[in-house]
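Worksheet: the structure to be examined is printed underneath.
The chains referred to below are lettered A, B, ... by the order of the sequence lines, with proteins before strands, and numbering in each begins at 1. Here the structure is a predicted model, which is why all the values come from computation and not from measurement.
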Amino acid sequence: MALRVYNTFTGEKELFVPLTPGRVGMYVCGVTVYDYCHIGHARAGVVFDIIFRYLKYAGFDVTYVRNYTDIDDKIINRANQEGTDYRTIADRYIQAFDEDMAKLGLAKPTVEPKATDHIGGIISIIETLIAKGHAYASDGDVYYAVETFPDYLKLSGRNLEDMQAGARVEVGDKKRHPMDFALWKGSKPGEPWWQSPWGEGRPGWHIECSAMSMEFLGKTFDIHGGGKDLVFPHHENEIAQSEGANGCQFVRYWLHNGFVNINAEKMSKSLGNFFTIREVLKKYDPETLRFFILSAHYRSPIDFSDQNLDEAQSGLERICSCLAALDEILNSHPRSYETAVSDNLTQIGLELQEKVNQFLPRFAEAMDDDFNAAQALGILFETVRAANRFLAETKAITAAPLILIANVRDLFVEAGSVLGLFTTPPALWLEGVKAARTSQLELTPDEIELLISERAAARIAKNFKRGDEIRDLLLAKGVHLLDSTQGTTWDVK
RNA sequence: GGCGCGUUAUCCAAGAGGCUAGGAGCCGGUCUGCAAAACCGUUAACGUCGGUUCGAAUCCGACACGCGCCUCCA
């Protein structure tokens, strides 16, 4: 059992060996806080959340740093549009980010630094880069001279000539080379600024991540993550800055998550085809969104659609229904301390026992293989099926079945703690989902109950025609009646 | 133009030389006054053409189609 991760830098899955045995330093690019987060941010958040959780589960002492970039052109533009200052905008969207990520059940990183709290560190790196000849001041700005860093573009596997062949590079007259990028930008009147050796200004994009990662994780650390779109230019530039300044390897393993697509096309602000997390959560439960994200491998593109979200919801309901059934039994039977003997189990019981025995090894095997959560979910479903079969045939709950059921339940708690699922009791979660659907109906629960009573009376009188009429009427309004020996309940579809 | 990725059954989606992935659906069954729901069972696949191999979804090559990055992006 050994963790293997896909490293963008080498393009291969590699055995994960941390710099310091037992400890992991991980830095993930957070957000530039100028607007509400979309589901692409949700995916990146959830993906690195389970990576963080699994590393801890695997026994590592993890220092997880996820930053807020709270000074940037886009923030300033937004502030100008609204006639307010950059701080107001940044603080508003930091809070919104925190709320959204909390709803999605993300564990808090060890540190969540802000760029503006690290201006000193930023200036210090820039000074080092200038001293080493990697950067130059130019009319109030400071630029990184990409030609002085031979390894430039080694992460994205390109070269400077090809990049320029694209001919879309802006040639600033302050730059020596068109691909040079800003480390420090002199401030225009009315813009926020900090004092620096090059005059009043603010950091460029990229340098804040070099500064904050070094501050909390050192010059070399284990994992750096982010969305695929950050490979170039952001991460490429971070490497140039950090390795140029420190003269040593920056990051050992580069991890990048795939995009969220809409109709097989990348969702992005510039295309305008994006959904904010807030919009999506009005329609879908946050755990459903998380489950959907986990249903595909983190590096693959994932297609966001109502159909796919509905399927995720169905799948999650299937698991939660099973867990709720297990809970019901466990709640009504005190846990026995008798030792269960497997002889007491039927064939189906033994099969479930086998699933239970295999569960954690298979789960770890899936997650060890580059955090394959989709495969891990498959194991959960197999266990659900075995458990349902067992519940269907088990009439008398004696010690052996009870212990087996308790074992199954415990495994879902354990796997759930890594995947960030099942944090609310399943029965409650199912109720919540039903309540959310009910609120979309034109009928109130009382009206539904009234019709159900009328139907019950009709059915007792063997007036099935009237009974079926009521059933059809409710169905037309989206209410499914569920008859059982205990009476009639209902659900919303 | 440069670089990279993908194509798995009706749909979503793992797998990466020989071992039932999984989910949704279809169909069959249990249950039911009949249904529905739930549960159980079952079905089916590896883009095309070559090559390597005893054996290829899996490795290699070509082709087709789709997508991404090369400008702010998770």
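- Salt bridge status for A:Arg78 with A:Glu82: present, with a side-chain N to carboxylate O gap under 4.0 Å.
- At a cut-off of 3.5 Å, with distance as the only test, no side-chain donor of A:Thr276 or A:His38 sits close to an acceptor on the other residue.
- Within 4.0 Å (heavy atoms only), A:Asn372 reaches sugar-phosphate atoms of the nucleic acid but no base atom.
- Aromatic pair A:Tyr68/A:Phe97: centroids less than 6.0 angstrom apart.
- If you take NE2 of A:His235 and C1' of B:rA74, they are 10 Å apart, rounded to a whole angstrom.
- B:rC19 and B:rG61 have their P atoms separated by 25 Å, with the value rounded to a whole Å.
- When heavy atoms are screened at a 4.0 angstrom cut-off, A:Ser305 is found touching no nucleic acid atom at all.
- For the pair A:Lys269 and B:rA74, the criterion of a side-chain N or O lying under 4.0 Å from OP1 or OP2 is not met.
- Nearest nucleotide to the A:Lys74 side chain, out of B:rC34, B:rA37, B:rC72: B:rC72.
- We find that CZ of A:Arg299 is positioned 16 Å from C1' of B:rA74, with the value rounded to whole Å.
- With RNA chain B read from its 5' end, the first of the two nearest nucleotides for A:His480 and A:Thr32 is the one closest to A:His480.
- Separating the CD atom of A:Glu351 from the P atom of B:rC40 is a distance of 13 Å, rounded to the nearest angstrom.
- Look at A:Asp141 and A:Lys175 and you find no salt bridge, because none of the NZ, NE, NH1 or NH2 atoms lies under 4.0 Å from a carboxylate O.
- Residue ring and base: A:Phe259 does not count as stacked with B:rA74 (centre distance below 5.5 Å and interplanar angle below 30° not both satisfied).
- In this structure, A:Asp368 does not pair ionically with A:Arg4, as no charged nitrogen and carboxylate oxygen lie closer than 4.0 Å.
- Salt-bridge annotation for A:Asp73 and A:Lys185: present, with a side-chain N of the basic residue lying under 4.0 Å from a carboxylate O of the acidic one.
- Annotation: B:rG2 and B:rC59 have their P atoms spaced 25 Å apart (nearest Å).
- Within the nucleic acid shown, A:Leu481 comes within 4.0 Å of at least one base atom, counting heavy atoms only.
- Each of B:rG68, B:rG33, B:rA74 was ranked by its minimum atom distance to the side chain of A:Glu265; first place goes to B:rG68.
- Side-chain N/O atoms of A:Asn308 include none lying less than 4.0 angstrom from OP1 or OP2 on B:rC11.
- Residue A:Arg389 is in sugar-phosphate contact alone, with no base atom involved, counting any heavy-atom pair closer than 4.0 Å across all strands shown.
- Following rounding to the nearest Å, A:His256 (NE2) and B:rC5 (P) show an atom-to-atom distance of 15 Å.
- Checking A:His235 against A:His256 by side-chain atom types alone, a donor-acceptor pair falls below 3.5 Å.
- Across all strands shown, A:Gly30 has heavy atoms under 4.0 Å from sugar-phosphate atoms exclusively, and none from any base.
- Taking a cutoff of 4.0 Å between a charged side-chain nitrogen and a carboxylate oxygen, A:Arg455 and A:Asp468 do not qualify as a salt bridge.
- The existence of a salt bridge linking A:Glu431 and A:Lys434 is excluded, since no basic side-chain nitrogen approaches an acidic carboxylate oxygen closer than 4.0 Å.
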Original post:
Could you write nucleotides 23-30 of chain B as a row of B, S and -, 5' to 3', where a protein heavy atom under 4.0 Å of any base atom gives B, of only sugar-phosphate atoms gives S, and otherwise -?
Top reply: BS------

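- In this structure the side chain of A:Phe48 reaches within 4.5 angstrom of the side chain of A:Asn257, judged on heavy atoms.
- Of the side-chain N and O atoms in A:Arg362, none sit less than 4.0 angstrom from OP1 or OP2 of B:rA21.
- Residue A:Gly227 is in sugar-phosphate contact alone, with no base atom involved, counting any heavy-atom pair closer than 4.0 Å across all strands shown.
- For A:Glu99 and A:Arg278, the salt-bridge test passes: some basic side-chain N is under 4.0 Å from an acidic carboxylate O.
- Between B:rA13, B:rA35, B:rU20, one nucleotide has an atom nearer to the side chain of A:Lys355 than all others, and that is B:rU20.
- Among the heavy atoms of the strands lying under 4.0 Å from A:Ala296 are primed sugar atoms or P, OP1, OP2 only; no base atom is included.
- Between A:Lys355 and A:Glu351 there is no salt bridge, since no side-chain nitrogen of the basic residue lies less than 4.0 Å from a carboxylate oxygen of the acidic one.
- Counting only heavy atoms from C-beta on, A:Asn388 has its side chain closest to B:rC40 among B:rC40, B:rC11, B:rA74.
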Original post:
Using Watson-Crick and G-U wobble pairs whose two distances are both under 3.5 Å, how do you write the pairing of RNA chain B as dot-bracket, with | for links to another strand?
Top reply: (((((((..(((.....[...)))..((((.......)))).....(((((..]....))))))))))))....

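- Residue-level contact check: A:Val28 touches neither bases nor backbone, having no heavy atom under 4.0 Å from any strand.
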Original post:
Could you walk me through whether A:Phe359 and A:Val408 pass the side chain to side chain contact (heavy atoms under 4.5 Å, CB included) check?
Top reply: CA-CA 9 Å; A:Phe359 190 97; A:Val408 172; over 6 Å; no

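- Taking syn as a glycosidic angle within 90° of 0, B:rA57 qualifies as syn.
- Taking the charged nitrogens against the carboxylate oxygens, A:Arg437 and A:Asp491 do have a contact shorter than 4.0 Å, which makes a salt bridge.
- Comparing B:rG55 with B:rC12, their C1' atoms are spaced 31 Å from each other, to the whole Å.
- No salt bridge links A:Glu311 with A:Arg318; every basic N to acidic carboxylate O contact stays at or beyond 4.0 Å.
- In this structure, CD1 of A:Ile470 is placed 15 Å from C1' of B:rG33, rounded to the nearest angstrom.
- Taking atom OH on A:Tyr298 and atom P on B:rC5, their separation rounds to 15 Å, with Å as the unit.
- B:rC63 and B:rA24 are spaced 34 Å apart, taking the C1' atom of each and rounding to whole Å.
- Here the side chain of A:Lys13 is nearest to one of B:rA16, B:rA74, B:rA14, namely B:rA16.
- Across B:rG33, B:rC40, B:rA74, the shortest atom-to-atom separation from the side chain of A:Arg455 is found for B:rG33.
- Remark: nothing in residues 102-116 of chain A comes within less than 4.0 Å of RNA chain B through any heavy atom.
- The same atom, P, is picked in B:rA57 and in B:rU8; the two are 15 Å apart, to the nearest Å.
- Following rounding to the nearest Å, A:Asp370 (CG) and B:rA16 (P) show an atom-to-atom distance of 11 Å.
- As rounded to the nearest Å, B:rA45 and B:rU20 have P atoms that lie 16 Å from one another.
- Put simply, CD on A:Glu317 is 13 Å from P on B:rA37, counting in whole angstrom units.
- Residue A:Ser321 is out of contact with every strand shown, counting any heavy-atom pair closer than 4.0 Å.
- When the P atom is compared between B:rC67 and B:rC27, the two are found 34 Å apart, to the nearest whole Å.
- Comparing the C1' positions of B:rC31 and B:rA35 gives a spacing of 11 Å, expressed to the nearest Å.
- Base contact: A:Ser268 has a heavy atom under 4.0 Å from a base atom.
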